[in-house]
Amino acid sequence: MSLQPARTRIAPSPTGHMHLGTARTALYCYLLAKQTGGQFILRIEDTDQKRTVPGAEQEIMDGLRWLGLQYDEGPDVGGAYGPYRQTERRELYQRRAQTLVDSGHAYPCFCSPERLDEVRKEQMKRKENPRYDGTCRNLDPAEAARRVAAGEAHTIRFKVPQEGVTIARDHLRGEIVTENKQLNDQVILKTDGLPTYHLAAMVDDHEMKITHVLRGAEWLGTFPLHVNIIRAFGWDEPVWIHLSVFLKPSGKGKMSKREAAEALKDGHSIFVKDLQELGFLREGVLNWSALMGWGVAEDEVMSIEQMIERFSIDSLTPSPAAINFQKLDHFNATHIRLLPADDLAARVKPYFVRQGLVVDDAKLLKIIPLIRERLTTLDDCVAFGGFFFQDSVSPTREDLIAKNLDAQRSLEIAQKAYQILEALPVVNHESGETPFREYVESSGYNAGQVFGVLRVAVTGQKVSPPLFESMEIIGRDVYLRRVAQAIELLK
RNA sequence: GCCCCCAUCGUCUAGUGGACUAGGACGCAGCCCUUUCAAGGCUACGACCGGGGUUCGAAUCCCCGUGGGGGCACCA
């Protein structure tokens, strides 16, 4: 466990919905920062203006807040190392690129995209590894500088070493050795004057004094490049941690658009915003995603505080992990049961309201113990407890007819039930149980039939929370009216 | 095609040369509890990818295969 305060960052691109992978990376960053008394930072990597989508940045900030992963520094909260949006830092990158050019580690490139395309096609045809052919690498620096000064369109490319190997160290995988001849002279500053990720992220991580870089394993390919850029500047390297990628539930490949749509039909999603709307708890989502890539021996159900306490970058795993939504359901249900009643009530209320129901807070608090262990997601509350807030219920005649009985006998049960209930000043588990048990004994009907008719009559549904407790909350007038209605329906 | 990474139950994982009869969790199956649905309790099923080494001893270290994943942009 590192005792030095860690500065970590989540650096998403505002190019679409906030993904589960972003949430998990943010969580680990947050845990490490909190555990060490450091800072967790949000940086927006919006250097690709073509791909930037309006609203995406807001969704990321909303998502992090919903998850409870509040950042200490970021675009909307400020901080000592801002600005935290890369498009607002362009001069900085241009200066840094220039120092690289001056020190011979980078060079202007005047090749047109069209020429580059052609070269790439040629190389592919010859089954070669497609990479920059080095035309501008060998230009006379003075000549290149003249053309730049003359305003000729150009990019800046990083000059990778051509011989030897680059050794980069990933905290989870150890040393990764790459032959330099495999490396490519990547563009680090584009024609539009904005940097590519390779430059921007390295500069910012250095400027913002990031101590641990946690990012997806898809960056492993350009990892040697990044290490070379940092070394060209002469900077210290952070601890690098490349997190395992998430695979689709089948384990075969990354989540596709089609798979994502499939998951949504099933009440699941890989997007944070969807998860929230589908009735998942931040605690559930966090606990679940934390465990994909973090090896915890036992006691896997954890609060965020417990995660902060137990987290260690040493127990992160490097292998890809298949997403398992059943496990999300499990963690969600578990955390719902762990919530204090008033907290659960507050979280569940919007889902009733969303269905157009008028919710009485005192009543809501009373039904929480009845529905709590039946909920997998918050929106399940409507299915189990909607009838508490409806003026009337509308059971079908078919549902009112008890199993293995006909309408006539079911009517008989309903009528008898009405008599029993009418005779009782108060119905609760104790007072209701005895007379109905006696009726079951004497009538010859079984408990399932008797309680079944009553359940459908009172709740309008075949599956419900415990009957007598529910009736106690609904109130005498209402359940008597509903049983009377059932009798009419069965006639 | 080239490069890189990964490899324990169906899935997420524990395991860092002897404590392994390989542990936990999800799921699945059965039983108990039970007026429905759940929750809870108990039990069962279930894995070290293959082959070579190293070692007294390997799930653990090395090599080779195989399988899977990721990447090869003026995208991140």
Side-chain angles (χ1 to χ4, degrees), chain A residues 11-13 15 45-48 50-51 109 111-113 116-117 120 123-124 126-132 153-157 170 172-173 176-179 181-184 186-192 194-198 200-201 215-224 242 244-245 247 249-254 288 291-301 315 317-331 333-334 337 371-376 380 383-384 433 436-437 440 446-456 459 461-468:
Chain A
S13 295
T15 53
E45 309 223 324
D46 56 351
T47 57
D48 187 346
K50 290 184 285 292
R51 291 206 310 152
C109 173
C111 297
S112 67
L116 262 16
D117 262 0
R120 208 183 341 269
Q123 289 169 328
M124 305 254 269
R126 278 175 286 160
K127 296 205 186 296
E128 282 172 21
N129 194 11
R131 52 204 288 266
Y132 182 58
H154 67 284
T155 61
I156 304 287
R157 283 183 187 273
D170 173 76
L172 308 182
R173 291 161 248 259
I176 294 168
V177 182
T178 311
E179 289 189 69
K181 64 171 186 242
Q182 299 296 339
L183 268 30
N184 196 3
Q186 298 279 355
V187 169
I188 55 174
L189 200 71
K190 299 180 276 187
T191 312
D192 64 4
L194 282 167
T196 58
Y197 174 91
H198 313 303
R215 37 138 67 160
E218 54 267 26
W219 290 111
L220 239 25
T222 43
F223 186 24
H242 292 89
S244 60
V245 293
L247 270 27
S250 65
K252 308 253 182 236
K254 289 214 280 191
W288 170 61
L291 260 23
M292 288 189 282
W294 172 15
V296 174
E298 266 159 65
D299 299 321
E300 296 184 346
V301 176
S315 45
T317 58
S319 39
I323 292 173
N324 184 345
F325 287 119
Q326 286 179 320
K327 207 151 185 170
L328 169 60
D329 287 343
H330 168 258
F331 276 112
T334 303
R337 277 175 253 125
I371 63 172
R372 181 167 24 210
E373 63 255 28
R374 277 161 254 266
L375 306 181
T376 297
D380 289 340
F384 284 107
E433 192 74 11
F436 275 94
R437 282 290 164 199
V440 167
N446 64 44
Q449 291 166 330
V450 171
F451 291 111
V453 171
L454 187 55
R455 163 169 289 108
V456 175
T459 69
Q461 50 200 53
K462 299 183 98 163
V463 171
S464 83
L467 239 194
F468 295 126

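In what follows, chains carry the letters A, B, and so on, assigned in the order in which the sequence lines appear, proteins first and then strands, with residues in each chain numbered from 1. Just so it is clear, the model here is predicted, and its values are computed rather than measured.
A donor-acceptor pair is defined here as one N or O able to donate and one able to accept, closer than 3.5 Å; such a pair exists between the side chain of A/Asn324 and the backbone of A/Gln326. Distance alone, capped at 3.5 Å, places no donor-acceptor pair between the A/Trp288 side chain and the A/Phe325 backbone. When atom types are taken as modelled, the side chain of A/Gln461 and the backbone of A/Ala383 share a donor-acceptor pair closer than 3.5 angstrom. At distances below 3.5 Å, not a single donor-acceptor pair connects side-chain atoms of A/Lys327 with backbone N or O atoms of A/Leu291. Not one N or O on the side chain of A/Thr376 forms a donor-acceptor pair closer than 3.5 Å with the backbone of A/Asp329. The backbone N or O of A/Arg131 sits less than 3.5 Å from a side-chain atom of A/Gln123, completing a donor-acceptor pair. At distances below 3.5 Å, at least one donor-acceptor pair connects side-chain atoms of A/Thr317 with backbone N or O atoms of A/Gly293.
Using a 4.0 Å heavy-atom distance criterion, A/Pro224 is classed as making no nucleic acid contact. Using a 4.0 Å heavy-atom distance criterion, A/Ser319 is classed as a sugar-phosphate-only contact. Backbone-only contact: A/Gly295 has heavy atoms under 4.0 Å from sugar-phosphate atoms and none from a base. Contact annotation for A/Gly293: backbone-only contact, meaning every heavy-atom pair under 4.0 Å involves sugar-phosphate atoms and none involves a base.
Projected onto RNA chain B by closest heavy-atom contact, A/Trp294 and A/Phe451 fall at different nucleotides, the more 5' of which corresponds to A/Trp294. Each of A/Val463 and A/Leu291 was assigned the nucleotide of RNA chain B with the nearest heavy atom; the assignment lying further toward the 5' end belongs to A/Leu291.
Between the side chain of A/Arg173 and the base of B/C5, no donor-acceptor pair of N or O atoms lies under 3.5 Å.
Side-chain atoms of A/Met292 lie closest to B/C12 of the nucleotides B/C12, B/U35, B/A38. Here the nucleotide nearest the side chain of A/Lys252, chosen from B/U36, B/G69, B/A7, is B/G69. Distance from the side chain of A/Leu247 is smallest for B/G69 among the nucleotides B/C4, B/G69, B/U35.
Comparing B/A59 with B/U13, their C1' atoms are spaced 14 Å from each other, to the whole Å. The separation of B/G50 from B/A7, taken at their P atoms, amounts to 15 Å, rounded to a whole angstrom. Taking atom C1' in both B/G69 and B/C74, the straight-line distance is 28 Å, to the nearest Å. Spacing between B/U36 and B/G23 at atom C1', rounded to whole Å, works out to 37 Å. Separating the C1' atom of B/G27 from that of B/C12 is a span of 11 Å, rounded to the nearest Å. Comparing the same atom, C1', in B/C33 and in B/G18 gives a spacing of 45 Å after rounding to whole Å. Using P as the reference atom, B/G24 and B/A47 are 14 Å apart when rounded to the nearest Å. Distance check on atom C1': B/G70 versus B/A76 gives 15 Å, rounded to whole Å.
The minimum heavy-atom distance between A/Thr196 and A/Lys190, with the atom names listed, is CG2-CG, 3.8 Å. Between A/Thr178 and A/Leu183 the shortest heavy-atom distance is CG2-CD1, 3.7 Å. What you find for A/Pro466 and A/Arg374 is that their closest heavy atoms are CD-NH2, 3.2 Å. A pairwise comparison of heavy atoms in A/Ala321 and A/Met292 identifies CB-CB, 4.3 Å as the closest pair.
One can place CD1 of A/Ile371 at 16 Å from C1' of B/U36, the figure rounded to the nearest angstrom. Atom-to-atom, CG of A/Leu454 to P of B/U36 comes out at 14 Å; the value is rounded to the nearest Å. The distance from atom CG of A/Leu172 to atom P of B/C4 is 19 Å, rounded to the nearest whole Å. Residue A/Glu373 contributes atom CD, which lies 14 Å from atom C1' of B/U36 at whole-angstrom precision. For the pair A/Asp170 CG and B/G70 P, the interatomic distance rounds to 18 Å; values are reported in whole Å. We find that CZ of A/Arg455 is positioned 15 Å from P of B/U34, with the value rounded to whole Å. Rounded to an integer number of Å, the gap from CZ of A/Phe223 to C1' of B/C6 is 16 Å. If you measure from atom CG of A/Asp380 to atom C1' of B/C37, you get 11 Å, rounded to the nearest angstrom.
Under the Watson-Crick or G-U wobble criterion, with both distances below 3.5 Å, B/G40 is paired with B/C32. Pairing partner, B/C56: B/G18, with both Watson-Crick or wobble hydrogen-bond distances short of 3.5 Å. Within the shown strands, B/U66 is the pairing partner of B/A7 under the Watson-Crick or G-U definition, both distances less than 3.5 Å. When both distances must be under 3.5 Å, the Watson-Crick or G-U wobble mate of B/C2 is B/G71.
Side-chain nitrogen and oxygen atoms of A/Thr317 include at least one within less than 4.0 Å of the OP1 or OP2 phosphate oxygen of B/U13. Residue A/Arg337 places at least one side-chain N or O under 4.0 Å from the OP1 or OP2 atom of B/G40.
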Protein proximity profile, nucleotides 71-76 of chain B - base contact B, sugar-phosphate-only contact S, no contact -, cut-off 4.0 Å on heavy atoms:
SBSBBB
B/S/- contact track for nucleotides 24-29 of chain B, protein heavy atom under 4.0 Å
BBSS--
With side-chain hydrogen bond (donor to acceptor under 3.5 Å, both in side chains) as the criterion, how do A/Arg455 and A/Ser464 come out once you've worked through the C-alpha distance, each side chain's angles and the decisive distance to 0.1 Å?
CA-CA 7 Å; A/Arg455 163 169 289 108; A/Ser464 83; 2.9 Å; yes
